[in-house]
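Only this structure's heavy atoms are used, side chains among them; waters, hydrogens and symmetry mates stay out. First listed ligand is number 1; within each ligand, the first listed atom is number 1.
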Amino acid sequence: MDALQIEGGPPLVGEVKISGAKNAALPILAAALLVDGPVTIGNVPHLQDVTTSNELLGRMGVTVSIDEKMRVTVDASTIAHFVAPYELVKTMRASILVLGPLLARFGQADVSLPGGCAIGARPVDLHVAGLSQLGADIRIENGFIRARAKRLRGCRLVLDTVTVTGTENLMMAATLAEGTTIIENAAREPEVVDLANFLNVMGARIRGAGSATLVIEGVDRLHGGSYDVLPDRIEAGTYLLAGAITRGRVKVRDVEPAHLDAVLAKISEAGGEVTTGDRWIQVDMHGQRPRSVDIRTAPYPAFPTDMQAQFAALNSVAEGVATITETIFENRFMHMVEMRRLGADIRVEGNTAIIRGVPRLTAAPVMATDLRASASLVLAALVAEGRTQIERIYHIDRGYERIEEKLNALGADIRRVPA
Ligand code: UD1
């Protein structure tokens, strides 16, 4: 297992090109199962989770090929099995996204239940309940969700909680259902919109994406085509914070600035000068220490839970005291304990962390526990005095493409070493 060694050091300065969004690429790869004919997906990030998705499709007998530009072509006409096995689902919860498409197009799906994960219980009950309402017969058996249906029938679905992959699963299933489906309290994340755009390019009839009400008129089939995945707003936000925490100046390119409104507002509040243009954002700290900022996570367009850990790192060296309140996941504070090993002053009370900024952090061995927690440790290590070793970085590789290369190009000192 590899580790990252990071020498804390100077301000990061320069430009980074942002990759395609993991959280859009994964549902779009799953949505390719709905399509009659080959689908070519561009701007797919080179990540472990994408490899896992391709493997999952491959095991089903789906033909997947990748060209030198990382364009992935998926042809589901060769499908032979309708199963997502435990060994893949347990490494990537987003495997659940094949449930809706398999059921809607082929009438059957056996998808392993994901179980718990490092950030909480994360149930999939709303996915299952919604598909039942669309007419599927679903049993939980031997650790699997076993779903069967003739043709799904459109209906009105009201989601109890805003769920991103839940909305996506139900939206995908409804594209091929008979009649119209209305999803109320739908997730409004840009990745949900990207999936809807992809499906519409392939012939689906989805309206309202980006609002809380989706209206999906079922069609008989979707046809092949090509589509480019939107930029990764979380990757972009993470590099901007790398600039902010080191008191440097970082510009991210190939991004959609509007998708980061809530994050950019917090960076400004922390003292960063934020400038945006056509598909770029720059943050300049002018060498100043950041100020502490209170964070409360909530569904889009509010502040994203996937940026919470990175702001914990920023607050740990900022001037002042701030609270971070996590409202989406019940156990997403594992990084706080690791950051204390670097000298951060953090107290956790329930779903709130109280962080008192310290003037300096000092290097120590730490362990990555989940994807975004890993990113926060990288950020903290960039300013900790000495050499920090981060173990279990396979978590980082699930969501950040070539992170050490991108950060080194900004002037960081990071090496990947066999641990
Ligand atoms: C997605 C993102 C993840 C992000 C999260 C919240 C992908 C692949 N992953 O995860 O990066 O952190 O959105 O923005 O897009 N819930 C239920 N029942 C369900 C489904 C969800 O109770 O059936 C709850 C969850 O436990 C959680 C909340 O709803 O408390 C939101 O979770 P959800 O939006 O579903 O997260 P994911 O889609 O798994």
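Note: an N/O pair closer than 3.5 Å links L126 and ligand 1 by distance alone. Ligand 1 has no N or O atom lying under 3.5 Å from any N or O atom of T161, backbone or side chain. Taking only nitrogen or oxygen atoms, main chain and side chain alike, E189 does not reach within less than 3.5 Å of ligand 1. Between T163 and ligand 1, at least one N/O pair is under 3.5 Å apart. The shortest N/O to N/O separation between V164 and ligand 1 falls below 3.5 Å. Of the polar atoms of T165, at least one N or O is found under 3.5 Å from an N or O of ligand 1, judged by distance alone.
The one candidate from D194, N43, T40 that meets the side chain to side chain donor-acceptor pair (under 3.5 Å) condition with Y227 is D194. Considering V255, D306, I18, L47 as possible partners of E235, the one that fulfils the side-chain contact (heavy atoms from CB on, under 4.5 Å) test is I18.
The distance from ligand 1 to the heavy atoms of V162 drops below 4.0 Å at these ligand atoms: 31 (C), 34 (O). Atoms of ligand 1 found under 4.0 Å from any heavy atom of D306 (numbered from 1 in listed order, with element): 3 (C), 4 (C), 11 (O), 12 (O). Those atoms of ligand 1 with a heavy atom of T305 less than 4.0 angstrom away are 6 (C), 12 (O), 14 (O).
Residue I96 places every heavy atom at 4.0 Å or more from ligand 1. Put simply, part of R332 is less than 4.0 Å from ligand 1, judged by heavy atoms. Heavy-atom separations between P123 and ligand 1 include at least one value shorter than 4.0 Å. Look at H127 and you'll find a heavy atom under 4.0 Å from some atom of ligand 1.
For T213 and E184, the side-chain atoms include at least one donor-acceptor pair closer than 3.5 Å. There is no side-chain donor-acceptor pair under 3.5 Å between R233 and Y300.
In summary, D278 and R253 do not engage in a salt bridge, as defined by a charged side-chain N under 4.0 Å from a carboxylate O. A salt bridge links E87 to R59: one of the charged nitrogens lies within less than 4.0 Å of a carboxylate oxygen. A salt bridge does not link R332 with E326: every distance from a Lys NZ or Arg NE/NH1/NH2 to an Asp or Glu carboxylate oxygen is 4.0 Å or more. Ion pairing between a basic and an acidic side chain is recognised when a charged N comes within 4.0 Å of a carboxylate O; K406 and E404 show no such pairing.
Between the side chain of N169 and the backbone N or O of G100, at least one donor-acceptor pair lies under 3.5 Å.
With a heavy-atom cut-off of 4.0 Å, F329 touches ligand 1 through its side chain alone. If you look at D125 next to ligand 1, the close heavy atoms, those under 4.0 Å, come from the backbone and the side chain alike.
The option with the heavy atom closest to atom 30 (O) of ligand 1, from among I328, V124, N23, L159, is I328.
A ring-centre distance under 6.0 Å is not found for Y86 and F144.
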